[in-house]
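Here the structure comes first, spelled out in structure tokens, and everything after it is commentary.
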Amino acid sequence: MEYSGFLHEKENLTLSDCVGVREGGRENLGADLPVAVYRLLEYSFREELAERFGKEQQVEIFRGAGYRAGIFFAKYYLDLTLGMSDFIAQLQKQLEEMKIGVLRVEETEEDTGKMVLTMSEDADCSGLPTRGETVCNYDEGFLAGVLTAYTGKPYGAVEINCWATGDRVCRFQAEVQHE
């Protein structure tokens with residue numbers, strides 16, 4: 001089944017066009033959605049992309065989308081001028097307030113920029129059955145994007161533990177990417 005919609009006035013919608021609820025947009029329902037609705041969107045996209053392009057491309061697309069969202073999130077929702085500890089505290093607060101997840105920093109290496117971060121109660125996978133593989137590719141990109149926007153250095157993040165692998169938190173290793 002193929003869908004061919006059309007847009008008025010603009011060819012492409014951007015994140016800044018669409019993020020947030022405009023006045024009058026959801027007067028009765030409000031801005032919040034159940035996790036089930038988020039996962040319906042996320043996992044239907046995962047399946048569709050994997051079927052069309054293969055699992056490896058699906059993972060890369062999700063990381064790329066997460067990275068794009070992380071950059072946007074950092075620029076529009078965070079104060080990028082804060083010192084690192086205040087920035088992390090602000091990030092934690094925003095993620096919790098927006099019900100994205102509960103972020104903790106387990107390790108940091110100030111000289112290299114390497115970090116180990118955990119996310120519990122995350123929207124992507126908390127409560128999923130064990131699958132034997134990590135599934136939070138969007139979060140990998142999101143965290144990398146946030147750290148890139150904050151530091152000005154190109155970050156990457158890889159999930160090393162996940163609810164879907166039998167763990168009860170998602171653990172990410174983040175570090176500056178060198179060419």
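Between the side chain of Glu56 and the backbone N or O of Gly54 there is no donor-acceptor pair closer than 3.5 Å. A distance-only check finds no donor-acceptor pair linking the side chain of Thr108 to the backbone of Glu110 [under 3.5 Å]. For the pair Thr130 (side chain) and Gly132 (backbone), a donor-acceptor distance under 3.5 Å is absent. For Thr148 (side chain) and Tyr155 (main-chain N/O), a donor-acceptor pair under 3.5 Å exists by modelled atom type. A donor-acceptor contact shorter than 3.5 Å is absent between the side chain of Asp167 and the backbone of Val169.
For the atom pair CZ (Arg39) and OG (Ser44), the distance works out to 13.5 Å, reported to the nearest 0.5 Å. We find the CD-CD distance between Glu48 and Gln58 to be 11.5 Å, quoted to the nearest 0.5 Å. Separation of atoms CZ (Phe87) and CD (Gln92) is listed at 10.5 Å; rounding is to 0.5 Å. Taking CG of Asp139 as the reference point, atom OG1 of Thr134 lies at 10.5 Å (rounded to 0.5 Å). Between the CD atom of Gln57 and the CG atom of Leu49 there is a distance of 9.5 Å, given to the nearest 0.5 Å. To the nearest 0.5 Å, the span separating CZ on Arg168 from OG1 on Thr118 amounts to 14.5 Å.
In the hydrophobic cluster analysis, where Ile, Leu, Val, Met, Phe, Trp and Tyr join through side-chain heavy atoms closer than 4.5 angstrom, Tyr67 is grouped apart from Phe172. Leu78 and Met84 fall within a single hydrophobic cluster, where Ile, Leu, Val, Met, Phe, Trp and Tyr side chains are chained together by heavy-atom contacts under 4.5 Å. In the hydrophobic clustering of this structure, Phe72 groups with Leu91; members are Ile, Leu, Val, Met, Phe, Trp, Tyr whose side-chain heavy atoms approach within less than 4.5 Å, directly or through other members. When the side chains of ILVMFWY residues are joined at heavy-atom separations under 4.5 Å, either directly or via intervening members, Leu117 and Leu82 end up in a single hydrophobic cluster. Taken together through direct or relayed side-chain contacts under 4.5 Å among Ile, Leu, Val, Met, Phe, Trp and Tyr, Leu147 and Leu103 form part of one hydrophobic cluster.
Within the 4.5 Å cutoff, the side chain of Glu175 has no heavy atoms near those of the Val116 side chain. Residues Phe62 and Glu42 are in side-chain contact: their nearest non-hydrogen atoms beyond the backbone lie under 4.5 Å apart. Within the 4.5 Å cutoff, the side chain of Val102 has no heavy atoms near those of the Leu95 side chain. Looking at Tyr77 and Gln90, their side chains never come closer than 4.5 Å, going by heavy atoms from C-beta outward. Cys170 places none of its side-chain heavy atoms less than 4.5 Å from the side chain of Ser120.
Using a 4.0 Å cut-off between charged side-chain N and carboxylate O, Arg63 and Glu60 make a salt bridge. Using a cut-off of 4.0 Å between Lys/Arg side-chain N and Asp/Glu carboxylate O, Arg171 and Glu159 are scored as not salt-bridged. Ion pairing between Glu51 and Arg46 fails under the 4.0 Å rule for side-chain N and carboxylate O.
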Check against side-chain contact (heavy atoms from CB on, under 4.5 Å), Thr165 and Arg131: CA-CA 6 Å; Thr165 61; Arg131 299 175 37 106; over 6 Å; no

Candidate pair Phe73 and Phe142, rule ring-ring contact (aromatic ring centres under 6.0 Å, His included), full reasoning: CA-CA 9 Å; Phe73 184 85; Phe142 184 85; 5.2 Å; yes

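Closest heavy-atom contact between His178 and Val176: CD2-O, 3.6 Å. Taking both residues in full, the closest heavy atoms of Val135 and Cys125 are given as CG2-CB, 3.7 Å, listed atom of the first, atom of the second, then distance.
Listed by chain and residue number, Asp122 satisfy the side chain to side chain donor-acceptor pair (under 3.5 Å) test with Ser126 (two or more places apart in sequence, or in another chain).
For CZ of Phe45, the number of neighbouring non-hydrogen atoms (other residues, nucleotides, ligands) closer than 6.0 Å is 12 at most.
With Asp124 as the partner, the side chain to side chain donor-acceptor pair (under 3.5 Å) test is satisfied by one option alone out of Tyr38, Tyr43, Tyr138: Tyr38.
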